[in-house]
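Here's the structure, in structure tokens; my notes come after.
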Amino acid sequence: MQITITLADQTKKIFPKDITCLSIAQSISDKLAQKILVASVNDTLWDIERPITQDATVKLFTWDDAEGKNTFWHSSAHLMAEALLHFYPKAKLGIGPPIAQGFYYDIDFGKETFDIQNFAAIEKKMLALASQKNIFSRKNISKKEAIQYFEKKKEKYKLELLKNLQDGQITLYTQGNFTDLCKGPHIPHTGSIKAIKLLNVAGAYWQGNEKNQQLTRLYAITFPQKKELQNYLTVLEEAKKRDHRTIGKNLKLFTFSQKVGMGLPLWLPKGAVLREKLIKFLTKAQNERGYSPVVTPHIAKKDLYVTSGHDAKYGADAFQPIKTPHDELFMLKPMNCPHHCEIYQSEPRSYKELPIRLSEFGTVYRYEQHGELHGLTRVRGFTQDDAHIFCRPDQVKEEFKKVIDLVLYIFDKLKFQNFTAQISLHDPQHPEKYIGKTANWLQAEAAIQQAAQEKYLETTTKLGEAAFYGPKLDFMVKDAIGRSWQMGTVQLDYQLPEKFQLTYTGKDNTKHRPVMIHRAPFGSLERFIAILIEHTAGNFPLWLAPTPVIVLTVSEKYNEYAQKVCTALKKQQIDANLDDRNEKIGKKIREAAIQKIPYMLIIGEKETKDHTVAVRKKGEGDVGSMELHFFVKKLQEEFYIY
RNA sequence: GCCAAUGUAGCUCAGUGGUAGAGUACUUCCUUGGUAAGGAAGAAGUCAUGGGUUCAAUUCCCAUCAUUGGCUCCA
């Protein structure tokens, strides 16, 4: 019997029934047959040596495809489990999936503790097992048999996984001495795993639930070639150098103090300049777009947050209230929105004034969990570039689109290219996590989706990621080591106006409820700057650089003229530093370069005599001498690109 | 909050059961130099904190705090 196989390029080929993808690859070229790791048959991932029984569309995947890598790493996870059981025969296995970079396996070591010292031994064992070229063999098994099998092995986590599987759809994969519950597919045999690196150990709750047992998660990565592992490790090293905590320290942007408290950043002069420049930039953009700046205090009565619903939701996880001698309770503000609601409330509003856009660089304080704090990306005190737009229901979509434009404008100016837009919706399975009527939720969610669509924004959608009062459009950006952080956010809210009984008088002379849009293009200045540091590796664009220009003297003889140059630059609003130390020019240049200063002006005998400056530009080197006013003009042109 | 690792000079990091060392930064002196590190001297540490073991602890053990990598959480 013959079957027709349609390949990715739409060519059709006739093969005998029970042909495998490996044979199909062989029919194309030997080289492809060597490289193929996994395939898909009618869009279902398929072992390459598993027979195909009927007409199908087949795609072949190699290491160059995400599917190939995932399968390779998934198989590697099985290999790691096999090696681990060799050293820890009593360990119980959780799950072992591939991830973006490598894979992990969750293991319950029981009373034993896992020792990192064993990494090398496990890697060695894995390599030894890999070289045996053990075949990954697939076996269909009934649920009853599967339960018997794993009961005998006392694999309690596997038994729990089995509970949620349907009889008839259960498969086991075996390689060497190891058999795992697994739907597959896998690479043909372990022999293609040539390079192995165990990366780190972490605790992870079983099934991601805090109330469950915590298992030990081992992260690792493997490659089909040793060279690729070397490259990967080099990339990791490079990424570490971009870490905003390292650069922040080296460039003297910010610091932390145990005495001040964990998660409370202290902005050093250079960091503060950077912050101010970003604030100035966004303020200008917002003022041009009809925002009105407001200022609200850092504390407010607890009642405010009871009204808003934040207290019920987050009260327990907040900094505890401050008590006055008269038993009043004040909270450090965790959010600006309730304050802005009160500003809206301060006078009667007409439909004619809407939308009202209240903006504030508002510093908020949240009692984040100890283990969550991370450099500037997760802190306990931070400044949001917050604004709340109060508008009529018929204005929602237009306003939402304007906010998207603003976020994209900012990302564009700061050259954030690799962001993803995520629509965060409520999870209908967990209504207790949200406030408000379902009808409002659906309306809000539809509005966000529509606005994003009309802006041709490519989005992913996630259930259960919404704020408790409304759905969000989040802009996610990755840091140097590939972690994804929420930056800009736009949130649609029908609930707070309800809670605060906000109204406006409509055309019909009756009271109506406005809709609120919460939005923060940066998200928080702290996190934004952290990511900006990592994306630029500290090489900020000229208009943001804390020190755009440094004046370097060749010897102390020229300090006087250099000082004059510096003063002249400052008069032109160009923040120039002066390095008049008794050091050689080479050293001064090196240090200025390490500080990533965009322009160095070198002042020696020639410049002093000719009243010029010798310009050295970052990345370009010596660009020659010129008169100061000419340099100033050039610099200003570069500044005012923005 | 949970699991694990780490904590030595301002910074980066060696090291040791007999109370510490390098590079760099800092101070002073010499040098006055032309595009990524000139030379010399000096000062600098309660070895995170608190207990315990020991004749003796920075080193071993326990606890606490902080940091790091994850998990959970993230208005």
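Every chain is numbered from 1 and lettered A, B, ... according to where its sequence line falls, protein lines coming before strand lines. FYI, side chains are in, hydrogens and waters are out, and symmetry mates aren't considered; it's all heavy atoms of this structure.
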> The side chain of Gln214(A) lies closest to which of these nucleotides: G70(B), G34(B), U32(B)?
Replying inline: G70(B)
> Between Gln491(A) and Thr489(A), do the side chains contain an N or O donor and an N or O acceptor separated by less than 3.5 Å?
Replying inline: yes
> Side-chain N or O of Lys618(A) less than 4.0 angstrom from OP1 or OP2 on A36(B)?
Replying inline: no
> Rounded to the Å, how far apart are Ile597(A) CD1 and U35(B) P?
Replying inline: 19 Å
>> Within the 4.5 Å heavy-atom criterion, are Thr246(A) and Lys240(A) side-chain neighbours or not?
In response: no
> Within the pair Lys472(A) and A75(B), is there a side-chain N or O less than 4.0 Å away from OP1 or OP2?
Replying inline: yes
> Among C26(B), C73(B), U35(B), which nucleotide sits nearest the side chain of Ile589(A)?
Replying inline: U35(B)
>> Can you identify which nucleotide, out of U67(B), C71(B), C26(B), has its nearest atom closest to the Arg581(A) side chain?
In response: C26(B)
>> What is the distance, to the nearest angstrom, from the CG atom on Asn212(A) to the C1' atom on C2(B)?
In response: 13 Å
> Taking CD from Gln369(A) and C1' from C71(B), how many angstroms apart are they, rounded to a whole number?
Replying inline: 10 Å
>> Please tell me whether Phe475(A) and Phe416(A) form a close aromatic pair, meaning their ring centres lie under 6.0 Å apart.
In response: no
> Less than 5.5 Å between centroids and less than 30° between ring planes, does Tyr219(A) satisfy that with G70(B)?
Replying inline: no
> Are Phe319(A) and Tyr365(A) close enough that their ring centres sit under 6.0 Å apart?
Replying inline: no
>> Output the rounded distance in Å from CD (Glu465(A)) to C1' (C74(B)).
In response: 10 Å
>> Suppose you measure atom P in A41(B) against the same atom in A25(B); what distance do you get, rounded to whole Å?
In response: 16 Å
> How many Å lie between NZ on Lys588(A) and P on A25(B), as a whole number?
Replying inline: 14 Å
>> Which residue in the set Leu264(A), Leu373(A), Leu376(A) passes side chain to side chain contact (heavy atoms under 4.5 Å, CB included) when paired with Phe256(A)?
In response: Leu376(A)
> In Watson-Crick or G-U wobble terms, both distances under 3.5 Å, what is the partner of A40(B)?
Replying inline: U28(B)
> When you compare G45(B) with U32(B), how far apart are their P atoms, in angstrom units rounded to a whole number?
Replying inline: 35 Å
>> Between G70(B) and U28(B), how many Å separate the two C1' atoms, rounded to a whole number?
In response: 49 Å
>> Side chain of Arg378(A) only, heavy atoms from C-beta on: which candidate in A36(B), A66(B), C73(B) is closest?
In response: C73(B)
> Does A22(B) have a Watson-Crick or wobble mate here (both distances under 3.5 Å), and if so which one?
Replying inline: U12(B)
>> With a 3.5 Å limit on both atom pairs, tell me what C2(B) is paired to, counting Watson-Crick and G-U wobble, or say none.
In response: G70(B)
>> Starting the side chain at C-beta, find the nucleotide from U32(B), G70(B), A4(B) nearest to Arg483(A).
In response: G70(B)
>> Distance check needed: A75(B) P versus Gln486(A) CD, whole Å only.
In response: 7 Å
> Between Phe631(A) and Tyr599(A), is the gap from one ring center to the other below 6.0 Å?
Replying inline: yes
> Contact class for Asp622(A) vs. all strands (heavy atom < 4.0 Å): base, sugar-phosphate, or nothing?
Replying inline: base
> Using purine N1 to pyrimidine N3 plus N6-O4 or O6-N4 for Watson-Crick, or N1-O2 and O6-N3 for G-U wobble, each under 3.5 Å, what pairs with G7(B)?
Replying inline: C65(B)
> With rounding to whole Å, what would you report as the distance between U46(B) and G34(B) at their P atoms?
Replying inline: 43 Å
>> Taking C2(B) as the reference, what is the distance to G10(B) when you measure between their P atoms (whole Å, please)?
In response: 32 Å
>> Checking contacts here: which listed nucleotide (C71(B), C74(B), G33(B)) is nearest the side-chain heavy atoms of Arg366(A)?
In response: C74(B)
> Of the nucleotides A25(B), A75(B), G33(B), which one has an atom closest to the side chain of Glu591(A)?
Replying inline: A25(B)
>> Reading RNA chain B from 5' onward, which residue's closest nucleotide shows up sooner: Lys557(A) or Gly371(A)?
In response: Gly371(A)
> For Tyr105(A) and C71(B), what is the distance between atoms OH and P respectively, to the nearest whole Å?
Replying inline: 18 Å
>> Looking only at the side chain of Arg590(A) (C-beta and beyond, no hydrogens), which of the listed nucleotides A25(B), A36(B), A4(B) gets closest?
In response: A36(B)
> For Arg217(A), which contact category applies under a 4.0 Å heavy-atom criterion: base, sugar-phosphate, or nothing?
Replying inline: sugar-phosphate
> Does G34(B) pair with anything, Watson-Crick or G-U wobble, both distances under 3.5 Å, and if so, with which nucleotide?
Replying inline: none
>> Measuring only between side-chain heavy atoms, which start at C-beta, is Tyr104(A) closer than 4.5 Å to Met80(A)?
In response: no
> Out of C74(B), C65(B), A4(B), which has the shortest distance to the side chain of Gln258(A)?
Replying inline: C65(B)
> With a cut-off of 6.0 Å (strictly less than), are more than 12 heavy atoms of other residues, nucleotides or ligands near NZ of Lys478(A)?
Replying inline: no
> Relative to the 5' end of RNA chain B, which residue comes earlier, Gln491(A) or Thr216(A), by the nucleotide with the nearest heavy atom?
Replying inline: Thr216(A)
> Has the side chain of Glu605(A) got a donor or acceptor atom sitting under 3.5 Å from an opposite partner on the base of G33(B)?
Replying inline: no
>> By nearest atom, which of the nucleotides A75(B), A5(B), U32(B) is closest to the His310(A) side chain?
In response: A75(B)
> Between U58(B) and C73(B), how far is it from one P atom to the other, in whole Å?
Replying inline: 43 Å
> At under 4.0 Å, does any side-chain N or O of His374(A) touch on OP1 or OP2 of U67(B)?
Replying inline: no
> Does G10(B) have OP1 or OP2 sitting under 4.0 Å from an N or O in the side chain of Lys249(A)?
Replying inline: no
> How far, in whole Å, is A14(B) from A22(B) if one measures between their P atoms?
Replying inline: 16 Å
>> What's the gap between U67(B) and C29(B) when it is taken at their P atoms, as a whole Å value?
In response: 41 Å
>> Using whole Å, what does the distance between atom C1' of nucleotide C71(B) and atom CD1 of Ile99(A) come to?
In response: 13 Å
